[in-house]
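Everything below concerns the one structure shown next.
A note on names: the letters A, B, ... follow the listed sequences, proteins ahead of strands, and every chain is numbered from 1.
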Number of protein chains: 2
Amino acid sequence: MDGGVKKSGVTSSQVARRAGVSQSAVSRTFTPGASISPKTREKVMAAAQELGYRPNAIARSLITNRSRIIAVVMAYLENLFYPDVLEELGRLLVKENYRLLLFTGHMDRDSDPVFDQLMQYRVDGIILASTTLSSHLSEECATAGIPVVLFNRTTERDAVSSVTTRNREGGRRIAEFLIAGGHRRFGYISGVESSSTNRDRFAGYREALAEAGHDDIVIGVGNYDRAEAEAAAREMFSRPDRPDALFVANDHMAVAVMDVARYEFGLSIPNDLSIVGYDDVGPARWASYGITSMSQPMKRMVEATVNILMGQISSGEIEAEHRILSGDLIVRTSARLPKTGVVEIDGRRIYKPGKS
Amino acid sequence: MDGGVKKSGVTSSQVARRAGVSQSAVSRTFTPGASISPKTREKVMAAAQELGYRPNAIARSLITNRSRIIAVVMAYLENLFYPDVLEELGRLLVKENYRLLLFTGHMDRDSDPVFDQLMQYRVDGIILASTTLSSHLSEECATAGIPVVLFNRTTERDAVSSVTTRNREGGRRIAEFLIAGGHRRFGYISGVESSSTNRDRFAGYREALAEAGHDDIVIGVGNYDRAEAEAAAREMFSRPDRPDALFVANDHMAVAVMDVARYEFGLSIPNDLSIVGYDDVGPARWASYGITSMSQPMKRMVEATVNILMGQISSGEIEAEHRILSGDLIVRTSARLPKTGVVEIDGRRIYKPGKS
DNA sequence: CTGAAAGCGCTTACAG
DNA sequence: CTGAAAGCGCTTACAG
């Protein structure tokens with residue numbers, strides 16, 4: 001099926017011949033830190049320029065056993081949080097002289113074809129965003145000496161490195177905020193129920209509500225998906241005991257839920273219903289939404305991810321590392337305000353209970 | 001700086017020894033269509049399984065002169081149109097057994113470092129979305145036998161393949177729609193002024209307006225950027241001759257412009273101002289916006305792109321090909337309706353002048 | 001600093 | 001169908 005002929009490009013031997021030096025000299029010229037005299041280098045560079053030579057990264061990888069490629073697996077890109085992450089990852093990886101091989105879709109089952117491809121390309125590291133690895137696959141990576149970092153997700157056994165934020169505290173903070181705002185009936189629209197982010201956010205929310213004597217939470221399942229969140233919202237808003245305070249597990253869904261509330265049920269936000277989201281992603285900030293949201297410090301999360309990877313690649317030590325960052329509850333207009341605790345810092349309004 | 005040791009993985013020779021066959025036999029087992037007896041294959045497969053062998057794609061590339069990697073360059077991902085494209089590209093490329101190497105950022109200048117990397121990895125094809133290549137660089141690709149496809153953009157000289165939609169007709173259609181809607185003062189917020197999409201959309205819009213006797217168009221520059229579009233909108237809405245019909249060059253900006261109109265200027269849409277966008281991307285469909293927009297058939301565009309690439313890779317013929325698709329003017333609530341011409345097809349409302 | 005040589009892990013004529 | 005051998009384009013001891 002591949003009948004075509006790709007011209008095979010200029011090689012180091014051709015450059016060597018042209019420059020009147022050995023092939024090794026050409027190689028050294030393009031290897032930072034290699035021992036080469038200025039004069040030889042100059043001859044080589046001239047010949048390379050004339051011929052349009054570029055070292056073949058594939059051949060280099062074969063020798064060095066380093067591809068300088070990082071695989072990034074993202075389950076989906078509809079949620080703008082992830083494109084933002086991807087762009088930042090690209091920026092940082094390029095700075096470290098690494099390339100980014102992108103896979104979309106999940107990696108849940110064992111012996112996934114996507115996983116096979118990662119291994120075949122001998123990637124130097126793997127970043128998994130919004131998805132996790134089976135314990136079997138992560139073991140295989142460890143055996144192969146390939147560092148893996150989970151982004152915005154963890155596994156129970158802590159066996160694989162991860163970068164997350166304090167989701168449980170975030171859930172608590174949201175509950176405290178809504179309680180302080182004088183709400184009485186609390187609702188939750190969940191993400192993917194088995195995900196660590198969802199479990200932690202909900203656990204914190206429920207705990208703090210329970211401590212304040214609120215044991216009944218109206219729950220809908222959104223699976224981090226717009227359509228499912230909308231369906232869950234419709235059902236929830238049709239109930240006689242419709243909540244007046246609703247925590248939606250991320251902004252991607254919160255935006256959709258807000259539209260359902262306003263345009264399908266005619267609810268006034270935040271008068272009839274307060275909505276709080278998570279991530280502080282683009283649309284949450286748009287004037288039409290103004291969603292009060294727990295932020296995740298995306299740039300610092302990406303930085304930590306690249307950091308862990310680079311550290312493990314250069315040290316060869318693959319020990320699970322867990323970086324846990326903190327966000328803030330960014331206060332906008334989608335939820336009723338408590339009397340105290342909202343402060344302004346650097347032009348952003350933030351909820352810090354105990355302060356006023 | 002790379003002190004680490006990556007275990008070098010199981011090789012075909014190791015599998016061969018274990019299976020009691022030659023290394024060639026192992027290779028043939030993993031080469032579809034190669035001549036190998038079922039018995040040998042079975043022995044090899046068993047040994048491979050035990051050892052956890054996976055063919056080294058890097059080594060294979062070196063021989064076959066095919067990396068099975070396609071480079072995708074996307075200038076930015078903030079506009080959800082592009083993440084959508086990326087996800088669809090990933091789906092299609094994986095189906096063709098290709099990998100996707102992602103680069104974000106522009107490729108405008110000659111001898112770009114990003115371009116160097118593409119060449120060093122000997123990618124089999126390049127897709128450029130929302131950015132173009134200098135003529136010098138595209139020549140170099142042609143020389144190297146690497147097919148390039150511009151996605152949603154063209155160059156003047158037609159020298160490099162492209163997939164676009166009829167942007168000029170789209171601009172015309174929008175003008176016709178707004179004229180038929182009885183508007184009197186027309187505005188335009190542009191994309192990147194040098195881009196072919198922007199030029200074509202505006203050219204069609206202006207032509208059709210001129211034909212109807214409307215020669216004055218109030219123009220703002222948005223550069224396909226939210227913040228710039230907002231600034232342009234503010235200036236435009238402050239003018240005494242504020243338009244009552246506004247074409248914003250894509251939905252990504254239209255959403256922002258709409259928020260400025262409603263929340264900063266208290267304009268009622270579409271009563272005070274009609275807004276039409278382009279792309280028919282996610283947020284345009286959200287209830288808070290409901291933007292009337294020229295659609296671009298994203299999936300078919302991606303399909304055409306992959307198609308061109310696969311054709312050129314397998315034939316070895318790199319002749320510029322241009323696929324031009326059509327979209328529809330999807331009618332929602334952000335613009336006043338004409339008396340006739342809006343029809344409903346498959347549950348979507350579309351403007352087809354001449355029909356009712 | 002430099003060159004000759006070995007070798008990375010494969011594919012692919014070639015001969016049997 | 002099978003194996004021995006050459007070779008893809010590099011890096012990297014090794015010896016000078």
Rounded interatomic separation in angstrom, taking [atom1] from [X] and [atom2] from [N]:
| X | N | atom1 | atom2 | value |
| --- | --- | --- | --- | --- |
| A:L62 | C:dG7 | CG | C1' | 9 Å |
| B:L51 | C:dG9 | CG | C1' | 15 Å |
| A:Q14 | D:dC8 | CD | P | 11 Å |
| A:K43 | C:dC1 | NZ | P | 14 Å |
| B:N65 | D:dG7 | CG | P | 17 Å |
| B:R17 | C:dG9 | CZ | P | 11 Å |
| B:M119 | D:dG9 | CE | P | 15 Å |

Exercise. Using purine N1 to pyrimidine N3 plus N6-O4 or O6-N4 for Watson-Crick, or N1-O2 and O6-N3 for G-U wobble, each under 3.5 Å, what pairs with D:dG16?
Worked result: C:dC1
For this session: Using a cut-off of 6.0 Å, state whether more than 12 heavy atoms not belonging to A:E42 lie near its atom CD.
Result: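 Not buried by this count: 12 neighbours or fewer within 6.0 Å.
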Exercise. Under 4.0 Å between a side-chain N/O of B:S37 and OP1 or OP2 of D:dC1, yes or no?
Worked result: no
For this session: Give the B/S/- string for nucleotides 10-16 of chain D, one per nucleotide from 5' to 3', where a protein heavy atom under 4.0 Å of the base yields B, of only the sugar-phosphate yields S, and otherwise -.
Result: BBBB---
Exercise. Among B:E321, B:R323, B:H322, whose side-chain contact (heavy atoms from CB on, under 4.5 Å) with B:S161 holds?
Worked result: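 That would be B:E321; it is the only one of B:E321, B:R323, B:H322 passing the side-chain contact (heavy atoms from CB on, under 4.5 Å) with B:S161.
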Problem set entry | Test log, rule salt bridge (Lys or Arg N to Asp or Glu O under 4.0 Å), inputs B:E88 and B:R91 | CA-CA 5 Å; B:E88 186 67 10; B:R91 231 189 309 276; 3.1 Å; yes
Exercise. With respect to the side chain of B:S35, which nucleotide from C:dC8, D:dG3, D:dC1 is positioned closest?
Worked result: D:dC1
For this session: Please confirm whether A:Y76 and A:Y224 have ring centers closer than 6.0 angstrom.
Result: no
For this session: Please answer whether the main-chain N or O of B:T29 pairs with a side-chain N or O of B:R41 as donor and acceptor at a distance below 3.5 Å.
Result: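 Side chain of B:R41 to backbone of B:T29, a donor-acceptor pair under 3.5 Å: yes, one is there.
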Exercise. Any ion pair linking B:D124 and B:R68 (charged N to carboxylate O, less than 4.0 Å)?
Worked result: no
